[in-house]
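One structure below.
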Amino acid sequence: IIGGSEAPEHTIPWQVLLNINSNRGGGMVIADRWILTAAHVVVHQGQQSPAQSIRIFMGDTDIHRMETSFVHPASVHVHPEYNDQDGLNFNNDIALIKLQEPITFNAAVMPLCLPAKNATYTTGLVGLVSGFGTTNDGGRQMITNKLKYVMLPVVDQEKCRESITLWKKIRPNTPDLTDNMFCAGTPEGTQDSCQGDSGGPFSVDINGRSWAAGIVSWGIKCGQRGKYGVYTKVINYLDWIKQVMQEN
Amino acid sequence: SLPLPDSGPLIHGEVKSPQYPQPYPPNLLKQWDLNVPEGFQIRLTFTHLDIEPSAGCYYDSVTVLYDKKLLGKFCGTENSANDHHPGYEPILSPGNRLTLVFQTDDYNPERRQNVGFSAQYQATDIDECSAPEPEDGSGPLCSQICLNTLGSYLCACHHGYELHSDQRTCMLSCGGGIFDEPTGHLFSPGYPNPAPHALSCQYVISVEAGFTVYLNFSDKFHIESVNTEEGPNCYYHWLELTVPHEKPVKLCGGTSPGLINTNSNNVTLDYHTDDQGLSNGWSLDYSTNRVKCPVPGVVVKGRVTPSLTEYFYRDYIYVRCDQGYKLMADGREIESFSTMCQSNAQWHLPLPECHIIDCGEPDPLLNGGVRFLSGAENQYLSTVEYHCNEPFYSLLGSTNVTFTCEADRKWRLTRDESFSPVCLPVCGRPTQYIEGYQR
């Protein structure tokens, strides 16, 4: 998280830290056996990571306190239309992880609500992005062991597309923005999600209840002026999520 | 057929003189003793007789005897002119025995050789009933009806009389015997006229176990009694009532006993008169009623049906428990209960008890709990409240839910609905919020 703050205990109880082959990723608890994350977190070079290689941590804001209390998933379900062969296609960047045993919820672990079918992603709608990913300290990139968060607004889809198009002129190998994605951030930069936050939640609070609007997916650098973070638009996957959970 | 053993007397046969049909030898004395079964007489027929004729059959003869009584002495031939030939008419013995004696002298005329005799005999039934009355004054063979039978006879009596133990004398019938119908009418011989003397009549009323016999004597009751210092006494004539396990009671006098409940299904009445005195006798109608069982007690939290003031043999009662209670007998739960009033005036099963039902422990609730609100634990109408571990779980649409132990032994939300509470996770409501006051 760039430009964010350390999250106090029990404020983001759905936050999950994934550790896969020494790489960090994020996730969010959505049911007592299910974790929602980004597909690219559990797929490496086109290959789905084996369940035994995935370690799942939750229930705390400090990695040191969680490092011995991880669980392995029972199964991993990547969206069938996710197809990133070269690291440039983040369309359908969504996956579900099923746990071996159900979780008993408490103040430290609680599920995040899924979006209502009629939920809207209005420009300016502020979401809470969190993760154990890269942070910065006076312009230097840092690895943090504390859960951090930042509040970011939803960006107009066209503004975001223009931003990406501009960058594409310089770097043609830039992923495309699709309708399954939305952007969040500020034009001035300085606040963003970053590497290691992928798969984590972009949650929106309405009247004290938070719901999962997005999944940290990708972006051009981190916290750069005129660039935004890109998030998987969860509302587009409600049927798929329901189907996977019912079938498994 | 006649019941004759193989080794017994013959029922028919033939007797021939020695060497017949060759001439008989001189100096003979031969005797045949014929026997047939008792009750029969012997019919003897000479089929041929050719014995030297002589006056009075002096030289040669065949003599027929019954117990030394001469029935005939025969000689000659069919064509001879004397009266000593028996002809072909049969000779009947008075009893079941007959003796033939054939006797010849030492001389036989040479001009003619006599061949002797040949005779057939057979057993013939004696008609004892036709026999004249014995002269010893013992009276007729049967006092009323005599029935001749093969080899014997039977005595029988006219209606209203019965054969005495001597098998020949008929006496006025007692009308006694065994009465097993539920109702009936009995009366002494000759009633309401004076009874014959020396009566000994027995009447047994025996009905199915479970019934009680009631005797209802008619008003006209007269059995001779003897007045003593202690009062009237049934010395010579009496009617004795006997029921099992009770001391017999003798009735006499001129007052009807009226209605008597014998409390038994077996009653014996012995009517006795001696050879003197006068009793006009008695008459009664008997009826039967089912024995009565005790009124069953009260079953707490239950109901005994049908509810009657009296219960009789073969009556059934049923016990049902109030709603929320179960039938228990001998420490075991039973599905239903009925008991029958037995012939011994006792119920065949004791009454059961009604115990309150138990719904058992309410199911535990995952991520929640249950606590008792009222009533004895787990018993009928006790209530429990389910709750979820808030704020992380909540019951669908409610904070708490109350279940009641119903009569069907299930914990139910309402009488018609069986519902299993579920604690749903609460999503998106952290216990701590990120607060920021600086603006």
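Convention: sequence-line order gives letters A, B, ...; per-chain numbering from 1. Source: prediction; values computed, not measured.
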Counting heavy-atom pairs under 4.5 Å with chain A, the top scorer among Gly428(B), Pro391(B), Pro425(B) is Gly428(B)
Note: vs chain A, highest number of non-hydrogen pairs under 4.5 angstrom among Asn367(B), Asn389(B), Val426(B) is Val426(B)
Say whether, by atom type as modelled, one donor and one acceptor occur between the side chain of Ser264(B) and the main chain of Asn266(B) under 3.5 angstrom. yes
Using only atom types and a distance under 3.5 Å, with no angle test, would you say the side chain of Tyr393(B) pairs donor to acceptor with the backbone of Phe105(A)? yes
I need the contact set between residues 5-19 of chain A and chain B: heavy-atom distance under 4.5 Å, sorted by residue number. Pro8(A), Glu9(A), His10(A), Thr11(A), Ile12(A), Pro13(A), Trp14(A)
Report, by ascending residue number, the residues of residues 65-78 of chain A in heavy-atom contact with chain B at a distance under 4.5 Å; give 'none' if the set is empty. none
Only residue of Val249(B), Val213(B), Thr288(B) satisfying side chain to side chain contact (heavy atoms under 4.5 Å, CB included) with Thr262(B) is Val213(B)
So what's closer than 4.5 Å to chain B heavy atoms on Leu128(A): side chain, backbone, both or neither? side chain
So, the part of Ile103(A) with a heavy atom under 4.5 Å from chain B: the answer is backbone
Strictly by modelled atom types, are [X] and [Y] linked by a side-chain donor-acceptor pair under 3.5 Å?
X         : Y         : value
His355(B) : Glu353(B) : yes
Tyr380(B) : Gln323(B) : yes
Asn344(B) : Gln346(B) : no
Glu208(B) : Asn265(B) : no
Thr383(B) : Thr402(B) : no

Centre-to-centre under 6.0 Å for Phe211(B) and Tyr313(B), is that the case here? yes
Just wondering, more than 12 heavy atoms not from Arg209(A) lying within 6.0 Å of its CZ? yes
Closer than 4.0 angstrom, basic N to acidic O: yes or no for Arg24(A) and Asp197(A)? no
